[in-house]
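Take a look at the structure set out below.
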Amino acid sequence: MVSAAFEAFELLICQLQSLNTDSPIEFLSLKDLLENQSTVLGLPQRFSSELLSRSNQLFSKELPFLSYSNWLSKEPENALMPLAAAEWSYASSCPETMQDFYSNYLFMATTSGVASGCGYEDALVHGVTELIERDALAGFLVRHCFNRKVATALDRATLPESAREITERIEMNHQCQIECFRMPNRFGLPAYISVCDQQTEPFISGKGASISHEHALLRSLLETEEMLEYFKRYGEEEHQKYTSACQQLAEWPALKPCIDIDFKRTNTKEAFHHPQDEQEPYGQNALTTLKTLLGQHNKKIWVNVVRAETPVVLRVYIEGIDEFFAIKDGVPVVPLNSSFE
């Protein structure tokens with residue numbers, strides 16, 4: 001209930017930001033960005049030259065941008081993100097903006113980076129872990145759904161007691177079977193996906209990532225339970241979205257298993273391993289761990305403060321993550337490492 005309330009609140013605050021004329025939104029043209037040598041966030045970097053081309057019909061048109069600051073930088077460093085990339089409700093209602101550009105790309109695992117919390121630290125941890133979770137999901141989809149590598153489920157007997165209890169509750173209430181899988185990722189952050197065997201389209205699943213293995217697994221299970229309840233009430237609407245996505249992928253049938261979350265399993269199971277002295281998933285220590293982890297990969301964390309008062313609402317963006325799961329013309333944009341094949 002608390003999680004749902006926070007999510008509803010953060011979405012409302014972000015939508016108000018995009019509609020409020022007093023919001024700190026800058027109106028600039030792509031021409032201005034080039035002349036000012038501005039850093040632009042929110043699109044696959046490989047295609048930034050395409051967007052900023054003088055042949056782009058939007059090149060001289062003023063468009064709304066949000067200002068972000070680099071959280072990891074000791075010196076002030078700012079960047080701009082198109083509002084059409086940061087706020088989907090704005091993008092869908094303003095087709096004359098860069099939404100047309102984004103519609104040319106299929107993102108396999110997307111998040112707007114919106115996050116909230118009782119304080120700045122918790123909101124930032126929430127945003128960063130969710131972005132890495134979606135990046136891990138993209139790797140899982142490419143590895144097992146696109147490249148058809150078989151996946152190995154976790155041995156339920158080795159799961160923490162709390163995870164077993166939630167799994168049994170879901171299976172009893174929804175007459176289904178649940179399997180959990182690791183989602184290895186380039187950042188080494190614990191991430192898991194829990195998948196329901198009900199023959200829905202797509203298969204219902206939940207994802208979770210955290211500096212704590214147990215917390216990440218519990219998040220994936222609780223999200224699966226949440227989605228099962230949601231489909232009971234809004235299944236028809238979700239099926240319409242699914243049908244629309246399938247139509248987009250009609251030319252590239254190899255990608256349909258990614259939408260279905262359809263993959264093969266091994267007959268064996270793997271044990272769930274986690275340290276006995278895991279860190280708390282939120283707070284300053286968690287933030288320090290994430291900062292170190294991303295610093296090792298030379299990734300910048302960009303933050304736009306939507307609401308500074310409690311509950312804090314942020315937009316978070318990790319530079320370069322979107323390159324991994326962007327799809328154009330039916331193939332991944334960036335060549336995948338062997339670990340994802």
Side-chain angles (χ1 to χ4, degrees), residues 108-109 129-130 132-231 254-279 281 293 324-325 336-341:
M108 294 178 63
T129 53
E130 178 136 327
I132 296 177
E133 169 200 304
R134 301 306 173 89
D135 191 60
L137 172 61
F140 185 92
L141 294 177
V142 171
R143 186 187 304 111
H144 298 296
C145 301
F146 185 75
N147 289 331
R148 308 306 289 170
K149 181 178 179 179
V150 293
T152 300
L154 296 175
D155 183 352
R156 184 176 300 188
T158 66
L159 300 183
E161 183 179 354
S162 55
R164 294 198 302 271
E165 289 176 353
I166 294 172
T167 301
E168 291 166 3
R169 182 180 72 208
I170 296 172
E171 292 180 338
M172 180 180 68
N173 291 341
H174 295 277
Q175 302 300 303
C176 64
Q177 292 293 312
I178 300 292
E179 286 189 306
C180 304
F181 301 84
R182 289 189 306 113
M183 295 196 297
N185 56 87
R186 49 180 157 167
F187 299 104
L189 191 74
Y192 297 90
I193 180 171
S194 301
V195 184
C196 171
D197 71 343
Q198 285 187 358
Q199 295 297 310
T200 54
E201 294 180 327
F203 284 106
I204 292 174
S205 64
K207 284 72 65 177
S210 171
I211 63 169
S212 160
H213 284 268
E214 183 172 350
H215 187 250
L217 179 62
L218 293 179
R219 283 184 61 175
S220 75
L221 286 166
L222 290 171
E223 185 172 286
T224 303
E225 186 173 35
E226 174 187 316
M227 293 307 298
L228 282 164
E229 292 291 341
Y230 182 84
F231 265 73
L255 283 174
K256 189 173 183 294
C258 295
I259 297 295
D260 292 339
I261 312 185
D262 180 20
F263 56 93
K264 296 179 180 179
R265 282 90 157 158
T266 62
N267 293 324
T268 58
K269 306 288 185 182
E270 66 171 316
F272 176 80
H273 296 292
H274 69 290
Q276 295 300 314
D277 56 345
E278 287 196 301
Q279 287 182 250
L293 191 64
F324 175 71
F325 54 73
L336 302 174
N337 297 326
S338 58
S339 60
F340 293 106
E341 293 176 351

Please identify each residue that fulfils side-chain contact (heavy atoms from CB on, under 4.5 Å) with [X], with sequence neighbours left out.
{"X": "Gln177", "value": "Arg156, Glu171, Asp197"}
{"X": "Ala271", "value": "Thr158, His273"}
{"X": "Glu214", "value": "Pro160, Ser162, Ser212, Leu218, His274, Glu278"}

side-chain hydrogen bond (donor to acceptor under 3.5 Å, both in side chains) against [X], all qualifying residues, sequence neighbours excluded:
{"X": "Arg148", "answer": "none"}
{"X": "Thr224", "answer": "none"}
{"X": "Ser220", "answer": "Ser194"}
{"X": "Thr167", "answer": "none"}

Heavy-atom pair with the smallest gap, counting every atom of [X] and [Y]:
{"X": "Ala136", "Y": "Met183", "result": "CB-O, 3.8 Å"}
{"X": "His215", "Y": "Ser210", "result": "ND1-OG, 3.2 Å"}
{"X": "Cys176", "Y": "Leu228", "result": "SG-CD1, 4.4 Å"}
{"X": "Leu189", "Y": "Asn185", "result": "O-ND2, 2.7 Å"}

How long is the span from the [atom1] atom in [X] to the [atom2] atom in [Y], to the nearest 0.5 Å?
{"X": "Glu225", "Y": "Ile170", "atom1": "CD", "atom2": "CD1", "answer": "4.5 Å"}
{"X": "Asn267", "Y": "Thr152", "atom1": "CG", "atom2": "OG1", "answer": "9.5 Å"}
{"X": "Lys207", "Y": "Arg134", "atom1": "NZ", "atom2": "CZ", "answer": "7.0 Å"}
{"X": "Ser205", "Y": "Glu223", "atom1": "OG", "atom2": "CD", "answer": "7.5 Å"}
{"X": "Glu165", "Y": "Leu159", "atom1": "CD", "atom2": "CG", "answer": "11.5 Å"}
{"X": "Asp135", "Y": "Phe187", "atom1": "CG", "atom2": "CZ", "answer": "5.5 Å"}

Report the residues that fulfil salt bridge (Lys or Arg N to Asp or Glu O under 4.0 Å) with [X], sequence neighbours left out, ordered by chain and then residue number.
{"X": "Asp262", "value": "none"}
{"X": "Arg164", "value": "none"}
{"X": "Glu168", "value": "none"}

**Prompt:** Is a side-chain N or O of Asn147 found less than 3.5 angstrom from the main chain of Lys149, in a donor-acceptor match?
**Reply:** no
**Prompt:** Cut-off 3.5 Å, side chains only: do Glu229 and His174 have a donor facing an acceptor?
**Reply:** yes
**Message:** Once ring-ring contact (aromatic ring centres under 6.0 Å, His included) is applied, do any residues pair with Phe263, and if so which ones, sequence neighbours excluded?
**Reply:** Phe140, Phe181
**Request:** Evaluate the side-chain contact (heavy atoms from CB on, under 4.5 Å) criterion for residues Tyr192 and His213: first the C-alpha distance (whole Å), next the side-chain angles of each, then the deciding distance (0.1 Å), finally the verdict.
**Result:** CA-CA 9 Å; Tyr192 297 90; His213 284 268; 2.8 Å; yes
**Request:** Go through the steps for Ile211 and Leu293 under the test side-chain contact (heavy atoms from CB on, under 4.5 Å), then give the verdict.
**Result:** CA-CA 10 Å; Ile211 63 169; Leu293 191 64; over 6 Å; no
**Selection residues 266-276 - residue pairs positive for salt bridge (Lys or Arg N to Asp or Glu O under 4.0 Å), sequence neighbours left out** = Glu179-Lys269, Arg182-Glu270
**Minimum side-chain heavy-atom gap Cys196-Met227 below 4.5 Å** = no
**Prompt:** Do Cys145 and Asp260 pass the side-chain contact (heavy atoms from CB on, under 4.5 Å) test, and can you show the C-alpha distance, the side-chain angles, and the key distance before you say yes or no?
**Reply:** CA-CA 9 Å; Cys145 301; Asp260 292 339; over 6 Å; no
**Item:** Derivation and outcome, side-chain contact (heavy atoms from CB on, under 4.5 Å), residues Val195 and Ile178
**Value:** CA-CA 6 Å; Val195 184; Ile178 300 292; over 6 Å; no
